[in-house]
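A short write-up of the structure that comes next.
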Amino acid sequence: MSRKLSSTVTSSPATQQIATMFRVVGWISLGLQLTLGAVSGVAILFSTIPSQELNDSAANPGTGFGIFLAICGVLVLFVSAFLAFRYTRIAKRLEDPNPSLRPKKTNTIKILRISLTVSVVGMFLTLLGAEAAAGLLLAKALTQPTGLAVYNPERIIRPLDVFVIQANINVIAAHFVGIVAALWLLKSVHPKHSK
């Protein structure tokens, strides 16, 4: 209790506000990214399970590439979620009553920029994966015969093909959360100077 009182006495109101912002945005970003990442992980897992009704020749390389990029996006998402957790640690350090233990503004901005870069790279990878999976699904839909006269397992749209697209879209949304969180915090740390 005394530490909390001394931190409010020695910390400026602006520093306290920034610390609160980092804590709230960090936890919200971490929660949303982990939730969307878990849903994507389950969708990727289901999309990699071989179908019993179709043989292995039905697996298309486009689906594999989409899955690969979705997995890459999820791995990058773990880094982004870790950086979101770091926001909460920055908030805790900002509240320290000893000013020499508080993080420097330049270091905080550097972490936010790294987080932004990580999220943009993750979003780019998963956008490519979603494009590959959606293109494959479109190609299958366009080449599908209009009857059941010809059975070609490579042309059948499987529900698992849709899981690849869903996984990529969830990872894109999670990286979007990371980008918004980093931009929001960057704005709070480095506000525009009034003219």
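Position 1 is the first residue of the sequence; numbering continues from there.
W27 belongs to a hydrophobic cluster with L30, L34, F85, counting contacts under 4.5 Å between side-chain heavy atoms of Ile, Leu, Val, Met, Phe, Trp and Tyr, direct or through other members. Other members of the cluster containing I179 are L116, V120, M123, L127, I172, F176, V180, L183, with ILVMFWY side chains joined at under 4.5 Å, either directly or via other members.
Nearest heavy atoms, G66 versus V164: C-CG1, 3.8 Å. Shown here for T126 and H175, the closest heavy-atom pair between the two residues is OG1-CD2, 4.3 Å. Looking at every heavy atom in both residues, N170 comes nearest to S40 through CB-OG, 2.8 Å. I18 and S188 make their closest contact through CD1-O, 3.8 Å (heavy atoms, listed as atom of the first residue, atom of the second, distance).
In this structure T106 satisfies the side-chain hydrogen bond (donor to acceptor under 3.5 Å, both in side chains) test with no other residue, sequence neighbours excluded. For F78, the side-chain contact (heavy atoms from CB on, under 4.5 Å) test picks out V74, L75, with sequence neighbours left out. With sequence neighbours left out, S115 forms a side-chain hydrogen bond (donor to acceptor under 3.5 Å, both in side chains) with Y87. Remark: V42 engages F46 in a side-chain contact (heavy atoms from CB on, under 4.5 Å) (not counting sequence neighbours). Listed by chain and number, the residues in a side-chain contact (heavy atoms from CB on, under 4.5 Å) with L69 are F65, L125, L128 (sequence neighbours excluded). Partners of V24 according to the side-chain contact (heavy atoms from CB on, under 4.5 Å) rule, which considers only residues two or more places apart in sequence or in another chain, are T20, I28.
Linking Ile, Leu, Val, Met, Phe, Trp and Tyr whenever their side-chain heavy atoms come within less than 4.5 Å leaves V177 and L185 in two separate clusters. Residues I165 and V39 fall into different hydrophobic clusters, defined by Ile, Leu, Val, Met, Phe, Trp and Tyr side chains chained together at heavy-atom separations under 4.5 Å.
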List the atom pairs, with distances to 0.1 Å, where a side-chain N or O of residues 107-114 and a protein N or O form a donor-acceptor pair under 3.5 Å, not counting sequence neighbours.
| residue | atom | partner | partner atom | Å |
| --- | --- | --- | --- | --- |
| T108 | OG1 | K104 | O | 3.0 |

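Rounding to the nearest 0.5 Å gives a distance of 13.5 Å between CD1 of I71 and CG of L77. In this structure, CE on M21 lies 13.0 Å from CD on Q16, to the nearest 0.5 angstrom. Taking CG of N168 as the start and SG of C72 as the end, the distance is 10.5 Å to the nearest 0.5 Å. Taking CG of L94 as the reference point, atom CZ of F22 lies at 7.0 Å (rounded to 0.5 Å).
The salt bridge (Lys or Arg N to Asp or Glu O under 4.0 Å) pairs that include a residue from residues 63-76 number zero, where partners must be two or more places apart or lie in different chains. Listed by first and then second residue, the salt bridge (Lys or Arg N to Asp or Glu O under 4.0 Å) pairs involving residues 15-40 are R23-E95 (not counting sequence neighbours). Within the structure, side-chain hydrogen bond (donor to acceptor under 3.5 Å, both in side chains) pairs that include any residue of residues 71-84 comprise Q33-S80, S80-S119 (at least two apart or interchain).
Looking only at side-chain heavy atoms (C-beta outward), V171 and L36 stay at 4.5 Å or farther from each other.
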